[in-house]
Amino acid sequence: MGSNITGIGSYVPEEVLTNADLEKMVDTSEEWIVTRTGIKERRICPGDKAASDLGTEAARRAIADAGIEASDVEMIICATITGDMIFPSTACVIQNNLGIENVPCFDISAACSGFIYGLEIARNFVDNGRYNKVLVVAAECMSRVTDYKDRSTCVLLGDGSAAAIVERSDSNFGILDTYIAACGKFGNLLYVPAGGSRMPATHETVENRLHYMKMEGSSLFRIAVVAMGEAVKKVLEKNKIGIEHLSMIIPHQANIRIIQAVARMLNFPMEKMFLNIEKYGNMSAASVGVALDEAVKSKKVKKGDLVCMVSFGAGLTWAANIMRWGKDD
Ligand code: UT7
């Protein structure tokens with residue numbers, strides 16, 4: 001008995017922000033962005049919508065994909081760092097949108113690693129028999145914490161959402177194992193300074209643009225490569241699985257050069273590293289979920305495949321899991 005993803009869905013808003021658009025906003029170029037990051041465009045959430053709206057749509061798709069009703073969902077976990085409000089949780093907003101009653105709902109803050117963290121929390125609740133049919137949503141409006149005057153960050157980020165239903169499984173399909181980790185001492189490499197209890201909003205925090213994400217890109221780059229590579233190695237070694245058995249790695253889509261460096265470190269072919277960074281940029285927690293959904297829907301991941309998701313983000317946090325993809329007919 002284990003846990004399995006029995007339904008997956010994703011949703012990105014329609015509005016596209018291209019590199020050409022960004023050239024008009026900051027001192028950058030299409031050439032720099034594509035060669036240094038691999039990103040061509042990203043999606044932007046409309047002004048009258050929020051993370052919960054994106055997450056609700058992804059959740060509806062995952063519920064339909066699992067062949068269940070919203071009322072069957074027994075718990076909702078939402079991974080987000082751009083929730084609708086400081087409180088209540090975005091998971092509670094999504095619950096209300098879906099018309100679900102009397103189930104536990106909570107958010108987790110693990111930044112880009114949030115979807116894999118969320119799946120791991122769901123897996124534990126399912127494995128211990130307390131809950132079944134757990135809805136894990138990753139919903140991010142990174143554009144809301146992006147400083148469109150800062151060229152070193154604004155070219156990287158986009159908005160989107162993904163969702164999965166995690167259920168008990170008595171077949172060979174499912175989440176085989178997960179490795180999750182964090183290192184708070186590097187928290188200052190990627191953060192939003194103001195808006196929390198340390199630095200509540202004032203005129204000064206707004207004037208000084210302290211409600212936007214601050215990032216030490218090159219330090220993060222180096223740590224990300226090692227952390228993601230090590231996470232994949234650890235989860236494989238613990239389960240005595242050789243990397244050659246992986247059909248695909250679904251990596252966090254922060255920078256194509258990070259993904260290439262991880263592939264080199266693991267001696268794993270780039271053709272088996274799933275990529276959609278060019279279309280969406282970095283959607284934080286939603287990135288690996290959207291990538292998994294696209295990999296499955298485009299049949300790049302097929303029934304029976306051994307798949308590894310790996311991510312890295314603010315905290316710092318990092319995580320990797322291995323899944324035998326598929327479900328009983
Ligand atoms: O989600 C997980 C967290 N995030 C990450 O993992 C991001 C990790 N870091 C990165 O992806 C890369 O470090 C960046 C894409 C952010 C930056 O790439 P880089 O190759 O590390 O560039 P750099 O920061 O070393 O900057 C190189 C140059 C600098 O100019 P000087 O000082 O050499 O004259 C920057 O000012 O590139 C400049 N630069 C830009 N130029 C044009 C930085 N951003 C831009 C830009 N357009 N958008």
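Scope of the values below: all heavy atoms of this structure, side chains included, with no hydrogens, waters or symmetry mates. When a ligand or atom number is given, it counts from 1 through the structure's own listing order. For reference, positions follow the sequence shown, starting with 1.
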Count the heavy atoms of every other residue, nucleotide or ligand shown that sit under 6.0 Å from [atom1] of [X], and state whether that count exceeds 12.
X	atom1	value
Arg130	CZ	no
Asn208	CG	yes
Asn128	CG	yes
Lys149	NZ	no
Lys214	NZ	yes
Phe125	CZ	no
Glu101	CD	no

Under 4.0 Å, counting heavy atoms only: does Ile258 come that close to any atom of ligand 1?
yes
Is [atom] touching the protein, meaning some protein heavy atom lies under 4.0 Å away?
atom	result
atom 48 (N) of ligand 1	yes
atom 23 (P) of ligand 1	no
atom 31 (P) of ligand 1	no
atom 18 (O) of ligand 1	yes
atom 36 (O) of ligand 1	yes
atom 27 (C) of ligand 1	no

Please walk me through it: do Asn255 and Thr37 pass side chain to side chain donor-acceptor pair (under 3.5 Å)?
CA-CA 5 Å; Asn255 187 321; Thr37 73; 5.7 Å; no
List ligand 1 atoms under 4.0 Å from [X], heavy atoms only on the residue side.
X	result
Arg257	18 (O), 19 (P), 20 (O)
Cys112	1 (O), 2 (C)
Arg36	20 (O)
Asn282	1 (O), 2 (C)
Leu190	3 (C)
Gly217	8 (C), 9 (N), 13 (O)
Asn255	10 (C), 11 (O), 12 (C), 15 (C)
Val155	48 (N)

What residue and atom, counting heavy atoms only, is the protein's closest point to [atom], and at what distance?
atom	answer
atom 21 (O) of ligand 1	Ser218 CB, 3.9 Å
atom 38 (C) of ligand 1	Arg151 NH2, 3.6 Å
atom 5 (C) of ligand 1	Ala254 CB, 4.1 Å
atom 16 (C) of ligand 1	Met215 CE, 3.5 Å

Could you verify whether a donor N or O on one side chain and an acceptor N or O on the other, from Asp84 and Ser52, lie under 3.5 Å apart?
yes
Short N/O distance, under 3.5 Å, between [X] and ligand 1?
X	answer
Thr37	no
Ser29	no
Ala224	no

Between the side chain of Ser161 and the main-chain N/O of Tyr11, is any donor-acceptor distance below 3.5 Å?
yes
Measure from atom 2 (C) of ligand 1 to every heavy atom in Phe221, Phe312, Trp32 and give the option owning the shortest one.
Phe312
Decide, yes or no, whether a salt bridge links [X] with [Y] under the criterion of side-chain N to carboxylate O below 4.0 Å.
X	Y	answer
Lys49	Asp159	no
Glu120	Arg123	yes
Lys297	Asp293	yes
Glu69	Lys133	no

